[in-house]
Amino acid sequence: MPPAPEAAAGLSRRSILSGGGAFAAGLLIAIELPWAAARAATASAPEPVPTGQRFNAFIHIAPDDRVTFTLPAVEMGQGVYTSQSQCIAEELDVALDKVVAAHAPPDQANYGSPVFVVQATGGSTTTMAWSAPLRRAGATARALLVAAAAARLRVDPASLSTENGVITHGPSGRSLRYGEVADAASRLKPPTEVALKDPGRFRLIGKPVHRIDTPDKAIGKTVYGIDVILPGMKFATLRSSPVLGGKVGNVDQAPALAVPGVKQVIVLDDLVAVVADNTWSAMQGLNALAIDWAPGANAGLDQATLWSDLEKASQGPGAVAKKEGDALAKLKDGTLFEASYELPYLAHAPMEMTNCTVHVQGGACEVWTGTQVPGFAQAGAAKALGITPDKVTINNHLIGGGFGRRLEVDGVIKAVRIAAKVDGPLKVIWSREEDIRQQLYRPLYHERLKARLENGRITAWHHRVTGGSVLAHWLPPAFKDGVDSDAVDGAAEVPYAVGDRLVEFVRHESAVPVAFWRGVGPNGSIFAIECFMDLIARKTGVDPLAFRRGLLEKNARALGVLNLAADKAGWGTPAPSLPSGARRGRGIALMNAFGSYLAAVADVAVSDEGDVNVTRLVIAADVGKVINPDILQAQIQGGAVFGLSAVLFGKITFAGGAVEQGNFNDYRILRIDEMPAIEVHIVPSTENSGGIGEPGTVVTQPAVANAVYAATGVQLTRMPIDRALIAKGA
Amino acid sequence: MPEFTINGEKRDVDVPSDMPLLWMLRDVLGMTGTKFGCGIAQCGACTVHLDGVAVRSCQLPVGRVGNRAITTIEGIGNTSAGAKIQKAWIDLEVIQCGYCQPGQIMSAAALLAGNPAPDDADIDAAMAGNLCRCGTYVRIREGIKHAARS
Ligand code: FES
Ligand code: FES
């Protein structure tokens, strides 16, 4: 397929939206939302003439040549400050090391995501959403600079060239720096059409350039939200009701106030916070309190009930997400397979725990935090205080790991409610325990699958996804006709030929609040499908790779990554020798979501006690056009590690209405000495860019589960892996 | 008032002797490069050096520092091993969100200072106490070897 046309329209809102044609199916929720229409309508308004040296919402060039990019997608480790800067700088013709990145303020009109419409960074959408608009922004600013220079030099703009922030007139050898014409250029009317660079001339896009945020991070200079220090600031920590939805009953404040450094105890209906001169004193003060809680309606909630209620709901009926032919009729007889897979609640546990610094004064509020959703943070703070959003200033920061946690603003709202009772600025820090116990979790999912097999081919398919809906609370207009398009992402469209099919969603909410979590819906749906593929293959005595290949004849990209991963992993050869006594196995999995195709092969060794050691992971990826291949590698490796932690250890469980885990001792994440060797093989591609942050997480989990199945003969259907069920002789 | 040597500078700091060093650095001195990750010796984000030995500052009351020299991420670049690790981290783009990395770099620098050619087992032993939620372990391992070769 030839590269997408590189000439593009100007920077109007309409052109950003019409870029939707390039987005991967399944993620394109934007155009179905009411805001999208409103936004398209405003696009017909005339382009405002820029003033000063600001060229557009993204680019500012100072007279001294300093270039500042205001970046719409938030940096939380995934490398988007660099990849977005590559896109702008490529077209603007400036060097990356001259660029300063600025955090975008809450500003829906300028920084609202073309995919989500709201201003949000997530869902592995940054590259597909922003590459084209940012390239156009860079090209537009460059055209203005060239026009201003042409006027100054009295030459034809076509006779000018640009390189590294300098405009040169070849014939005369005269040149001007961007800073010299920035002011004049920014007053010109932007062209409605700009030509984008031919990919053959790229210096930055597609190259493994160094990240712009690394040098400061390597010397401890980066200021995350948790590092904010303001004059006169106090420190607080908090405890919310351990039981979901419980309230504070009685609390004697005296023991906390007796702790040196403690200034104030704040009791709200659902939480207690202690304010002190430093975090340590605040923690000591909080620990000194004996808080009586009124646990409320959820005191009896336990995990066994959560599982069984979900299973009951999964009996249906469900809302139809996809229907082709008459799967149910065909699933009445013939050779049938049926299985259900259950996925646990999971906490995000980014290394930077929830925190937020707030100063409430004079009817206004200023917030310092790291958020994936600056607009939601602003609106949440305003609502908590009963003021209008324009009275709330959000100062965003680099984030010490998001994974979906910072798509929620519960932390901002709690911090604002606490800070409203305090004079002066207040930094509120969650303990790790509070962070793990008081958040929104990856939903509990029940994935029910049924298939009919005829001559080695699947001819009918029924997949019913049951779980809480993240979209229904996060972006209510996107939850339509009873279907959560995220929960069935990866199920509604499958890479395999499966004949007649019916895909359904059953919304089943419990008292547990739910959130997006790295890998989102496909973590459940694709896990189930890939385990089910292995189940059918092994029950019919067919090699799992061969079985998948037979269903992928019409899907070249999927087949491509599957074959590459199998080839590099040496599928069909014995797994390498392992500790004596260990059972060894190799598993394969495929995923197509986020506009990307990945396949993974995992080797495992399972001890007699049922401990699973993942010894090698080989991943093949076709993610379309790549902005930065080094960041791509890092994201797939990191995503895989996230998936390993989930499949080997990850679960949040409830007893008596409270979360049972609290810190990294009982909510385990993978350590370096548990790491397999990871190989990532990239398929060169000119297809549209897909997401890269989440696919590695999605594909790794079923690859490991299938390897354990191969090693032990036991297919585990509830995650994480339960060693008791695969101990020798179990 | 107790006196501390931090990154080669003498500092007088008046804090209760049971306050963990982590909070003296972060909240009292404003040296926020050292991170809070768990508070219970599980994650290593708070790692600093006392006389070159990697310790978890969340578990170390300042009263137990004594006259040992404290080195933090802000000062480790002045040591040969620290500078090599930081350069390797940049060369190989080890870092993602970066929040765990001050601790990773401090642990790696202590390893390299005592063992100029660590193998995989040495790296596992020295680095297993440092969690990285972004999953940078593959490159941490490569980074240490790269630094050792430099
Ligand atoms: S904060 Fe000290 S080990 Fe985690
Ligand atoms: S780089 Fe993000 S936690 Fe390690």
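Here is the naming used below: chain letters follow the sequence lines, and residue numbers restart at 1 for every chain.
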Among [options], single out the residue with the greatest number of heavy-atom pairs under 4.5 Å to chain B.
options                        : value
A/G79, A/P260, A/P215, A/A349  : A/A349
A/I669, A/T222, A/V641         : A/I669
A/K217, A/Q633, A/R671         : A/R671
A/D216, A/N665, A/I678, A/I229 : A/N665
A/R432, A/M351, A/M76          : A/M351
A/L644, A/L670, A/L398         : A/L670

Say you draw a straight line from [atom1] of [X] to [atom2] of [Y]; how long is it, rounded to the nearest 0.5 Å?
X      : Y      : atom1 : atom2 : answer
B/C38  : A/M353 : SG    : CE    : 7.5 Å
B/L92  : A/H210 : CG    : NE2   : 8.5 Å
B/Y99  : A/E352 : OH    : CD    : 5.5 Å
A/T279 : B/D27  : OG1   : CG    : 3.5 Å
A/M675 : B/I123 : CE    : CD1   : 12.0 Å
B/Q96  : A/D213 : CD    : CG    : 10.0 Å

Candidate pair A/W280 and B/V15, rule side chain to side chain contact (heavy atoms under 4.5 Å, CB included), full reasoning:
CA-CA 11 Å; A/W280 172 245; B/V15 292; over 6 Å; no
What part of B/I105 lies closer than 4.5 angstrom to a heavy atom of chain A: side chain, backbone, both or neither?
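Only the side chain of B/I105 comes within 4.5 Å of chain A.
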Counting only heavy atoms closer than 4.5 Å, note whether B/D18 contacts chain A via side chain, backbone, both or neither.
both
Could you look at [X] and say if it's the side chain, the backbone, both or neither that has a heavy atom under 4.5 Å from chain B?
X      : answer
A/F664 : both
A/Y667 : side chain
A/I429 : side chain
A/M233 : neither

Less than 4.5 Å apart, side chain to side chain, heavy atoms only: is that true for B/N130 and A/I672?
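Counting from C-beta outward, B/N130 and A/I672 never come under 4.5 Å.
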Audit row: A/D227, B/R26, side chain to side chain contact (heavy atoms under 4.5 Å, CB included) steps and yes/no
CA-CA 8 Å; A/D227 300 326; B/R26 289 185 55 84; 2.9 Å; yes
Under 3.5 Å donor-acceptor, B/R133 side chain and A/H348 backbone
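Indeed, once roles are kept as given, a pair shorter than 3.5 Å links the two residues.
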Do any N or O atoms from the side chain of B/Q101 and from the backbone of A/A218 form a donor-acceptor pair under 3.5 angstrom?
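Absent.
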If we define contacts as heavy-atom pairs under 4.5 Å, which of [options] has the most with chain A?
options                     : value
B/I85, B/I95, B/L131        : B/L131
B/I140, B/L22, B/I73, B/D91 : B/I73
B/G33, B/G37, B/P102        : B/G37

For A/K207, I'd like to know if atom NZ has over 12 heavy atoms of other residues, nucleotides or ligands within 6.0 Å.
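Above 12, so yes.
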I'd like to know whether CG of B/N67 has more than 12 heavy-atom contacts from other residues, nucleotides or ligands below 6.0 angstrom.
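It does not: B/N67 CG has 12 such atoms or fewer within range.
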Over all atoms of both residues, closest heavy-atom pair of A/G400 and B/C97:
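Scanning both residues, the minimum pair turns out to be C-SG, 3.4 Å.
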